[in-house]
Amino acid sequence: RAVLVAGYTGSANTAACDYWNMASTGNAVDFGDISSGRRYQAGCSDATRGLTFGGYVSAYTSEIIKTTIASTGSHATFGQMRNAADNGNEGRLGAACWASSTRGIHFAGTGPTTQTDARILYVTIQADGNSIDFGDLVDSYNFRYGSATGNKIRAIACGGRQEPGSSAVNTMQFVTMATTGNALDFGDASVAFDSSSGTSSNGTRAVIAVNGTPSFTGKALDQIRPASGGNSYAFGELSTGRQDNHANSCISTSTRGFYASGYTPNSSTGTKVIDYVTFETEGTAVDFGDLNGAGRGGAASFSNSHGGL
């Protein structure tokens, strides 16, 4: 089961959450709303629990929300995101996450006082509580509106917007999830990108949407092998050009990877389309179905099956 959490439609935040069965095809179904509408939050999961980190409600929120994936409407507070200065609560937006069967890894994002925070946070998914400092992205990489992927061992941050200056980058860095410490270089994406349609991974192959450029019309999908490192190279395309669900991750099976919704040119509400790729078959993504509610950008996602588990 895959779950898409909140986001924005038009100028308004939404609290709506949709879910679908990844093994079949068809339209998504209402999962049940989270406590308040928000945008640019990040999500990850183990096999039973999804987590949603931060985002923007009417201000930055530091709340981490837990969701039982098998149980609709099962949202509750997990803990708070903490800052490095005084261990106080601090919200983030524009981040992205990856997870193993035990840990959720949260890469950077923008805080209320800085756009150049390169910190990496982690939590133990089955142990409610506040985030813990993991280390930092390095070489001035601060990752706003980037994406995340990986396998059971590694979490990989890729692309994003370098601040100050708001310039897209092709940087990719990784951490070993079972340890703590600063990130290491993984390789380069084929193009600089931010605000894309996110990633999918079965652990052996990760497929990265590098479609944030050109704005709202890009379709390009790249691929990497998380275990080995190196530069990304072409995989195929999404079925339609769109962007702005960069935190899409952790919604994959061993054979399929999913890319849900996003914004298209001249669209005030976003596209409802859900695409999927077959990891062993390079080429254009296939239409899976549509969201239950309105199309949206700035959503988080998670599932009970992905390449980190």
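The shown structure was predicted, so the numbers you read here are calculated from the model rather than taken from an experiment.
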Can you label the angle between the Phe31 ring and the His75 ring as parallel, tilted or perpendicular, going by 30° and 60°?
tilted
Under-4.0 Å salt bridge between Asp290 and Lys272
no
Could you walk me through whether Asp275 and Arg242 pass side chain to side chain contact (heavy atoms under 4.5 Å, CB included), step by step?
CA-CA 12 Å; Asp275 278 355; Arg242 59 191 190 270; 3.3 Å; yes
To the nearest 0.5 Å, tell me how far Leu4 CG sits from Cys17 SG.
8.0 Å
Would you say the side chains of Gln126 and Thr48 form a donor-acceptor pair under 3.5 Å?
yes
Minimum heavy-atom distance between Tyr19 and Thr72, given as atom pair plus value
CE2-CG2, 3.7 Å
Which atom of Ile251 lies closest to which atom of Ser303, heavy atoms considered:
CA-OG, 3.6 Å
Least distance between heavy atoms, Gln243 atom then Ser197 atom:
CA-OG, 4.1 Å
Leu221 side chain near Leu238 side chain, heavy-atom distance below 4.5 Å
yes
Report the distance from atom CG of Asn292 to atom CG of Asn27, rounding to the nearest 0.5 Å.
8.5 Å
Tell me whether the rings of Phe288 and Trp20 are parallel (<30°), tilted (30 to 60°) or perpendicular (>60°).
tilted
Connected to Tyr233, directly or through other members, by ILVMFWY side-chain contacts below 4.5 Å are none
Distance from Lys66 atom NZ to Thr77 atom OG1, nearest 0.5 Å?
8.5 Å
With a 3.5 Å cut-off and no angle check, do the side chains of Asp287 and Ser239 form a donor-acceptor pair?
no
Just how far is it from atom CZ of Phe193 to atom SG of Cys158, taken to the nearest 0.5 Å?
4.5 Å
For residues Met177 and Ile120: do they belong to one hydrophobic cluster (side chain heavy atoms under 4.5 Å, members Ile, Leu, Val, Met, Phe, Trp, Tyr)?
yes
Donor-acceptor under 3.5 Å (Asp139 side chain, Tyr141 main chain)
no
Full working for side chain to side chain contact (heavy atoms under 4.5 Å, CB included) between Arg225 and Arg205:
CA-CA 5 Å; Arg225 301 285 178 165; Arg205 173 180 282 176; 2.9 Å; yes
Side chains of Arg144 and Asp194 in contact at under 4.5 Å (non-hydrogen atoms):
no
Tell me whether Arg103 forms a cation-pi arrangement with Tyr122, defined as NZ or CZ under 6.0 Å from the six-membered ring centre and within 45 degrees of its axis.
yes
Membership question, hydrophobic clusters at under 4.5 Å side-chain separation (ILVMFWY): are Val273 and Val29 in the same one?
no
With distance as the sole test, does Arg92 use its side chain to make a donor-acceptor pair with the main-chain N or O of Ala108 at under 3.5 Å?
yes
Compare all side-chain heavy atoms of Asn83 with those of Arg119 and state whether any distance is below 4.5 angstrom.
yes
Determine yes or no for a side-chain-to-main-chain donor-acceptor pair under 3.5 angstrom, with Asn130 supplying the side chain and Gly79 the backbone.
no
Please check if the side chain of Arg49 supplies one atom and the backbone of Ile125 the other of a donor-acceptor pair under 3.5 Å.
yes
Would you say Asn89 and Arg82 are linked by a side-chain donor-acceptor pair, where the criterion is simply a distance under 3.5 Å?
yes
Identify whether Ile132 and Leu137 are in the same connected component of the hydrophobic contact network (ILVMFWY, side-chain heavy atoms under 4.5 Å).
yes
Just by modelled atom types, is the Gly135 backbone N or O under 3.5 Å from a matching donor or acceptor in the Asn182 side chain?
no
Flag the pair Ile105 / Phe134 as yes when at least one side-chain heavy-atom distance between them is below 4.5 Å, and no otherwise.
yes
Val175 and Ala183: which non-hydrogen atoms are nearest, and at how many Å?
CG1-CA, 3.7 Å
Nearest atoms (heavy-atom pairs only) where Tyr276 meets Thr278:
CE1-OG1, 4.0 Å
With the threshold set at 4.0 Å, does a side-chain nitrogen-carboxylate oxygen contact exist between Arg296 and Asp18?
yes
Test Leu291 against Ile274 for side chain to side chain contact (heavy atoms under 4.5 Å, CB included), laying out the working first.
CA-CA 7 Å; Leu291 292 182; Ile274 304 169; 4.0 Å; yes
We want to know whether Arg39 and Asn13 form a side-chain donor-acceptor pair, criterion being a heavy-atom distance below 3.5 angstrom.
yes
When rounded to the nearest 0.5 angstrom, what distance separates CD in Gln223 from OG in Ser190?
10.5 Å
Is there a path of hydrophobic side-chain contacts, each under 4.5 Å between heavy atoms of I/L/V/M/F/W/Y residues, joining Phe107 to Ile153?
no
Criterion side chain to side chain contact (heavy atoms under 4.5 Å, CB included) on Phe143 and Val169, from CA distance to verdict
CA-CA 8 Å; Phe143 185 71; Val169 297; over 6 Å; no
According to a 4.5 Å side-chain heavy-atom criterion applied to Ile, Leu, Val, Met, Phe, Trp and Tyr, with indirect links allowed, do Ile224 and Val277 form part of one hydrophobic cluster?
no
Measuring only between side-chain heavy atoms, which start at C-beta, is Phe302 closer than 4.5 Å to Leu51?
no
Taking atom types as modelled and ignoring hydrogens, do the side chains of Thr255 and Glu280 form a donor-acceptor contact shorter than 3.5 angstrom?
no
Look at the rings of Tyr8 and Tyr263 and say which category their plane angle falls in: under 30° parallel, 30 to 60° tilted, over 60° perpendicular.
parallel
Taking the side chain as C-beta and beyond, is there a heavy-atom pair between Glu90 and Thr113 under 4.5 Å?
yes
Side-chain contact test, heavy atoms from C-beta onward, threshold under 4.5 Å: evaluate it for Asp128 versus Phe78 and give yes or no.
yes
Hey, does the side chain of His306 reach the backbone of Cys44 with a donor-acceptor pair shorter than 3.5 angstrom?
no
Going from CG on Asn170 to CG on Asp222, what distance comes out if it is rounded to the nearest 0.5 angstrom?
10.5 Å
Hey, which of Tyr145, Tyr56, Phe53 is the one that makes ring-ring contact (aromatic ring centres under 6.0 Å, His included) with Tyr40?
Tyr145
Check whether Asn21 reaches the backbone of Ala23 with its side chain - one donor and one acceptor, N or O, closer than 3.5 Å.
yes
For the pair Ser196 (side chain) and Ala209 (backbone), establish whether a donor and an acceptor sit closer than 3.5 Å, ignoring hydrogens and angles.
yes
Testing Thr199, Ile208, Ile156, Thr149 one by one against Ser249 for a side-chain contact (heavy atoms from CB on, under 4.5 Å), which residue passes?
Thr199
Mark yes or no for whether Thr217, through its side chain, and Gly241, through its backbone, hold a donor-acceptor pair below 3.5 Å.
no
At their closest point, which heavy atom of Ser45 faces which heavy atom of Ile69, and how far apart are they?
CB-CD1, 4.0 Å
Side-chain donor or acceptor of Asn245 paired with backbone N/O of Gly298 under 3.5 Å:
yes
So do the side chains of His246 and Ser147 get within less than 4.5 Å of each other, counting heavy atoms only?
yes
